[in-house]
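Residue numbers run from 1 in the order of the sequence given.
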Amino acid sequence: MTNMQNNTDENFNEDFERLMKQFLSEEYKDVKLDDMQTEDEEDPFLEDEDVDEYQAEDNTPTKKTDDICTDSPLPGDVIEQNLNVRVKVEILRPIDNPQEELQKLVGCGNIKKRMDELMALTAYNRMLHEQFPELKQHQVSLHSLFLGNPGTGKTTVCKIFGALLHEAGALSKGHVVICDRGTFIGTLWGDEERAMKQVVEMAQGGVLMIDEAYLLNGKNENDPGKIIVQLLMNLLADESQRDIAVVLCGYKEPMNELLETNPGLLSRFPNRFEFADFSVDELLEITSRRIEEYSYRFTVKAWQKYTDMIALAFSARDTETWGNARFIANQLERIYIQHATRCVKQQPKNHNDLLLITPEDIVPIEMPRRKNRIGFSV
């Protein structure tokens, strides 16, 4: 073997070791494997017989990040319920090009249409005020309901929603503050009011998103969640609170029950967005987009095995526990790990195999089971 061949093998071994560390580290899912950009971008799947003939080019690896809108500084992400309890709140920064991101979403046709209509009315109202400041404007409420099962894109759309409203001039910042029941419910008297006040201050200029909002509808008459609902009503009735949009998210039926507990609550949320479960074809499209982020390719046989498994899982799904895109993300994580483990064991002969998902990498899908209800019959 020549010195040149020895150097080539050593370089490949170093590259292979580095890539395997990325695969197996806790951060591997955040690394975009752009080291090898394929020449054939139109065909994401390869015939199994063509695996050895698959060619790629080496490029500088890049790490994908969201484009960020930085017009205004965002608030801190911790609130103090009392002197002893502090709660961290998730804050999503507004994105650039929100309309483009909205149109790129898989499915969600009715969501896109309703969102476009609301944005058009908001932009029109602003134009009307600029040209005819003396005329009465349309009253545009930004408060919205996002109804649907897990994994249907509610949080993603909410992030786009905030940026769109900012772009339309309806919100000064466009960020999203994500809360849930635990954000507000404290251990001492008055914690709920203190938490609500701080969260509202955080969300000024953006969106206050309350996830699983139906959990505020406690069955107990003295449940502190009812205090949160009343505080929320006070916020929505405050005419000075115009630079904020409140979005309540959750399952459709429990959310309807929550709205029925207070006659004025439903009227405060005129914008209703219903997120349907993804179809099998849409789930496969989501899969294709996700694997492209890492430059992976399925072989034909691997893709067939995967599609058959997804179709079977979809047909046997429990509509109360089905995770939609979240289910796909979990399955791909399992495939990535299986793929990485196989590559480490088999020591592939060339770089190309590092990006090929084979049937061996497709592991059985674990389906969540419906919980058995305990009851008595007479």
Side-chain angles (χ1 to χ4, degrees), residues 77-79 81 85-92 108 111 142-162 175-187 191-196 198-200 202-203 206-236 244-262 265-266 268-269 271-278 317-330 368-371 373:
D77 60 356
V78 175
I79 66 170
Q81 291 181 345
V85 180
R86 306 176 76 212
V87 179
K88 189 177 178 69
V89 176
E90 185 178 4
I91 300 179
L92 304 179
C108 301
I111 301 297
L142 307 179
H143 308 314
S144 306
L145 299 172
F146 283 15
L147 310 178
N149 290 331
T152 49
K154 296 187 294 296
T155 301
T156 299
V157 172
C158 197
K159 184 177 182 179
I160 294 173
F161 186 45
H175 62 294
V176 179
V177 177
I178 301 180
C179 304
D180 56 22
R181 176 186 170 93
T183 307
F184 304 102
I185 305 300
T187 58
D191 283 357
E192 291 78 22
E193 188 170 358
R194 283 189 289 271
M196 176 63 77
Q198 294 174 70
V199 165
V200 170
M202 281 184 180
V207 176
L208 171 57
M209 172 182 166
I210 303 181
D211 198 17
E212 297 183 318
Y214 54 85
L215 293 179
L216 299 176
N217 184 26
K219 301 303 180 183
N220 191 308
E221 184 177 347
N222 297 319
D223 186 89
K226 299 183 184 301
I227 299 176
I228 302 303
V229 174
Q230 186 55 53
L231 291 172
L232 188 60
M233 285 294 296
N234 296 340
L235 166 66
L236 299 175
I244 187 173
V246 180
V247 176
L248 302 184
C249 297
Y251 293 101
K252 182 177 179 180
E253 294 306 320
M255 287 294 292
N256 287 334
E257 293 177 7
L258 169 66
L259 297 172
E260 291 173 358
T261 63
N262 193 310
L265 195 57
L266 180 59
R268 297 290 183 179
F269 290 89
N271 306 307
R272 187 182 183 96
F273 298 91
E274 297 195 14
F275 292 72
D277 285 349
F278 291 111
R317 74 191 187 284
D318 180 349
T319 55
E320 294 182 5
T321 58
W322 180 244
N324 289 284
R326 194 175 301 171
F327 177 81
I328 294 298
N330 291 339
R369 296 183 178 181
R370 181 189 294 272
K371 294 181 180 180
R373 296 183 178 179

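- T152 contributes atom OG1, which lies 11.0 Å from atom CD of E274 (distance to the nearest 0.5 angstrom).
- Proximity of a side-chain donor or acceptor of N324 to a complementary backbone N or O of P150 within less than 3.5 Å is detected.
- Using modelled atom types, one side-chain atom of H175 and one backbone atom of M202 make a donor-acceptor pair closer than 3.5 Å.
- Taking CG from D180 and CD1 from I228, the interatomic distance works out to 11.0 Å, rounded to the nearest 0.5 Å.
- A distance of 10.0 Å separates CZ in F327 from OG1 in T321, rounded to the nearest 0.5 Å.
- Contact check for C179 versus L208: side-chain heavy atoms found under the 4.5 Å cut-off.
- One finds the CD atom of Q198 at 11.0 Å from the CZ atom of F184 (value rounded to the nearest 0.5 Å).
- To the nearest 0.5 angstrom, I160 atom CD1 is 6.5 Å from T156 atom OG1.
- Under the side chain to side chain donor-acceptor pair (under 3.5 Å) criterion, K219 pairs with no residue, sequence neighbours left out.
- Across all their heavy atoms, G151 and R326 have their closest contact at N-NH2, 3.7 Å.
- Interatomic distance, CG of L216 versus CD of E192, reported as 10.5 Å (0.5 Å rounding).
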- Given the rule in the side chain to side chain contact (heavy atoms under 4.5 Å, CB included) test, do R181 and D223 qualify, once you have shown the distances and angles that lead to the verdict? CA-CA 11 Å; R181 176 186 170 93; D223 186 89; 3.0 Å; yes
- Message: Show, in sequence, the C-alpha distance, side-chain angles and deciding distance for V246 and M209, and conclude whether the side chain to side chain contact (heavy atoms under 4.5 Å, CB included) test is met.
- Response: CA-CA 6 Å; V246 180; M209 172 182 166; over 6 Å; no
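- Between the K154 side chain and the N149 main chain, a donor and an acceptor come within less than 3.5 Å of each other.
- No donor-acceptor contact under 3.5 angstrom links the side chains of E260 and N256, judged on distance only.
- If you run side-chain contact (heavy atoms from CB on, under 4.5 Å) between Q230 and each of N262, L235, L265, only N262 comes through.
- Minimum interatomic distance between G186 and Q81 (heavy atoms only, all atoms of both residues): CA-OE1, 3.2 Å.
- Annotation for E221 and K226: closest pair O-CD, 3.5 Å, computed over non-hydrogen atoms.
- Smallest separation of non-hydrogen atoms from G162 and V207: CA-CG2, 3.6 Å.
- R317 contributes no side-chain N or O that, together with a main-chain N or O of W322, makes up a donor-acceptor pair within less than 3.5 Å.
- Between the N271 side chain and the H143 main chain, a donor and an acceptor come within less than 3.5 Å of each other.
- Taking both residues in full, the closest heavy atoms of I178 and V89 are given as O-CG1, 3.3 Å, listed atom of the first, atom of the second, then distance.
- Taking the six-membered ring for Trp and thresholds of 30 and 60 degrees, F146 and F161 have ring planes inclined between 30 and 60 degrees apart.
- For the pair A203 and V177, the tightest heavy-atom approach, listed with the atom from each and the gap, is CA-CG2, 3.8 Å.
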- Query: Step by step, would you call V247 with V176 a side chain to side chain contact (heavy atoms under 4.5 Å, CB included)?
  - Reply: CA-CA 10 Å; V247 176; V176 179; over 6 Å; no
